[in-house]
Amino acid sequence: MTTASTSAPSVAVPVHQRVAELAAAHIGSWQDGYLKDRSPAVAALARLRRGAGREAGEMPDLWNLIDTDPLHAQAEETRSLSERELVRAENALHAALTLWAFHQQSRGTPMHRRHTRERPGGLGAAVRRLMPADGVDEPVRKRLVRAGTAPDLVTLAQRLRDIVALLRREDIPLDYALLAGQLYLWQWPDGPAAVRRRWGRSFHEQRRAQPTPDENTTPDTDKDAS
């Protein structure tokens with residue numbers, strides 16, 4: 001008599017999640033090194049920054065810097081990616097990592113911060129933090145809308161660079177791992193609409209996360225706090 005297995009079947013890790021995890025691994029190492037003024041990380045960030053808003057294929061200097069080997073490897077709970085998936089994953093990584101490098105330049109605090117429910121880190125939430133608590137800055141909101149209607153990934157990266165410049169000025173961090181996964185999804189049919197919806201939810205999520213006057217019992221000096 002055989003005994004039925006009680007173990008749950010393995011579930012393949014979605015490609016956009018693999019892209020997000022790889023982005024987090026790269027940025028985590030570089031960001032830590034940059035904030036500690038380690039020469040290799042400072043040099044890597046300078047190289048990455050030059051690629052912000054540009055197509056991945058235009059920057060051969062970054063090919064050996066952005067390691068995409070984990071996307072080619074087939075490990076437990078992963079599968080081999082098709083050529084189309086690999087190209088789109090590499091494009092998303094290039095866009096997210098170079099935008100982070102531009103954001104982190106000359107900043108003494110981490111500009112990549114992972115999203116949590118208490119401290120939303122999505123693009124929409126970051127844009128909302130550029131606005132007054134009691135209103136909407138229409139020109140800033142239109143920048144987010146314009147980014148969402150970009151006709152291709154290069155144009156999207158260029159429009160995101162304009163938004164990142166505003167975030168950088170105000171020391172507002174962003175979850176670049178989350179953004180990398182979204183930029184991967186954005187490249188597929190119906191992807192732009194799905195990503196725009198996520199950015200919209202993130203925008204309203206940040207507004208809900210803002211404390212009410214009654215909750216502000218002590219001054220908050222942390223610029224990264226929601």
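One is the number of the first residue; the rest follow in order along the sequence.
Side-chain contact between Arg161 and Leu99 is present, with at least one heavy-atom pair separated by less than 4.5 Å. Residues Arg129 and Leu167 fail the side-chain proximity criterion, which asks for heavy atoms closer than 4.5 Å. Side-chain contact between Gln187 and Asp152 is absent, with no heavy-atom pair separated by less than 4.5 Å. With a 4.5 Å cut-off on side-chain heavy atoms, Arg143 and Val127 do not count as touching. You'll find the side chain of Leu65 reaches within 4.5 Å of the side chain of Trp30, heavy atoms only.
The closest donor-acceptor contact from the side chain of Gln105 to the backbone of Trp100 lies at 3.5 Å or more, if one exists at all. At distances below 3.5 Å, at least one donor-acceptor pair connects side-chain atoms of Gln104 with backbone N or O atoms of Arg107. Side-chain N or O atoms of Arg128 include one that pairs as donor or acceptor with a backbone N or O of Pro132 at under 3.5 Å. Under the 3.5 Å distance criterion, the side-chain polar atoms of Glu85 are matched with a main-chain donor or acceptor of Ser82.
Note that CG of Leu45 is 10.5 Å distant from CZ of Arg50, once rounded to the nearest 0.5 Å. Atom OG1 of residue Thr149 and atom CZ of residue Arg159 lie 5.0 Å apart, to the nearest 0.5 angstrom. Separation of atoms CG (Leu93) and CG (Leu22) is listed at 5.0 Å; rounding is to 0.5 Å. For the atom pair NE2 of His26 and CG of Asp67, the computed distance is 5.0 Å after rounding to the nearest 0.5 Å. Expressed to the nearest 0.5 Å, how far CG of Leu166 lies from NE2 of His103 amounts to 10.0 Å. With rounding to the nearest 0.5 Å, the separation of CZ in Arg88 from NE2 in His16 is 15.5 Å.
Of all the heavy atoms in Leu71 and Ala89, the pair that sits closest is CD1-CB, 3.7 Å. Looking at every heavy atom in both residues, Leu130 comes nearest to Ile172 through CD2-CD1, 3.7 Å. Residues Ala157 and Ala95 share a closest heavy-atom pair of CB-CB, 4.5 Å. The heavy-atom pair separating Pro173 from Pro110 by the smallest distance is CB-O, 3.8 Å. In plain terms, the two heavy atoms of Ala92 and Ala180 that are nearest each other are CB-O, 3.5 Å. Nearest approach of Gly33 to Ala41, heavy atoms of both residues: C-CB, 3.5 Å.
Connection of Leu123 to Val154 is not established within any shared hydrophobic cluster, with ILVMFWY side chains joined at heavy-atom distances below 4.5 Å, either directly or through further cluster members. Hydrophobic clustering (ILVMFWY, side-chain heavy atoms < 4.5 Å, transitive): Phe102 and Val42 are in one cluster. Residue Val145 is not grouped with residue Val136 when hydrophobic side chains (ILVMFWY) are merged at heavy-atom distances under 4.5 angstrom, including chains of intermediate members. Hydrophobic clustering (side-chain heavy atoms under 4.5 Å, transitive across Ile, Leu, Val, Met, Phe, Trp, Tyr) keeps Leu178 apart from Val19. Clustering ILVMFWY residues whenever any of their side-chain heavy atoms sit less than 4.5 angstrom apart, transitively, puts Phe203 in the very cluster that holds Val140.
Between Asp175 and the choices Arg113, Arg114, Arg198, the salt bridge (charged side-chain N to carboxylate O under 4.0 Å, His left out) rule is met once, by Arg114.
Aromatic ring pairs are classed by plane angle as parallel below 30°, tilted from 30° to 60° and perpendicular above 60°; the pair Tyr176 and His112 is tilted.
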Please evaluate residues Gln17 and Tyr184 with respect to the criterion side-chain contact (heavy atoms from CB on, under 4.5 Å), reporting the C-alpha separation (whole Å), side-chain torsions for both, the decisive distance (0.1 Å), and the verdict.
CA-CA 9 Å; Gln17 184 177 327; Tyr184 172 80; over 6 Å; no
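Residues passing the side-chain contact (heavy atoms from CB on, under 4.5 Å) test with Leu156 are Ala147, Ala150, Leu153, Leu160, Leu183, Trp186, Trp199, sequence neighbours excluded.
Other residues, nucleotides and ligands place more than 12 heavy atoms under 6.0 Å from the CG atom of Asn64.
Classification of Arg18 and Glu21 as a salt-bridged pair fails, no side-chain N sitting under 4.0 Å from a carboxylate O.
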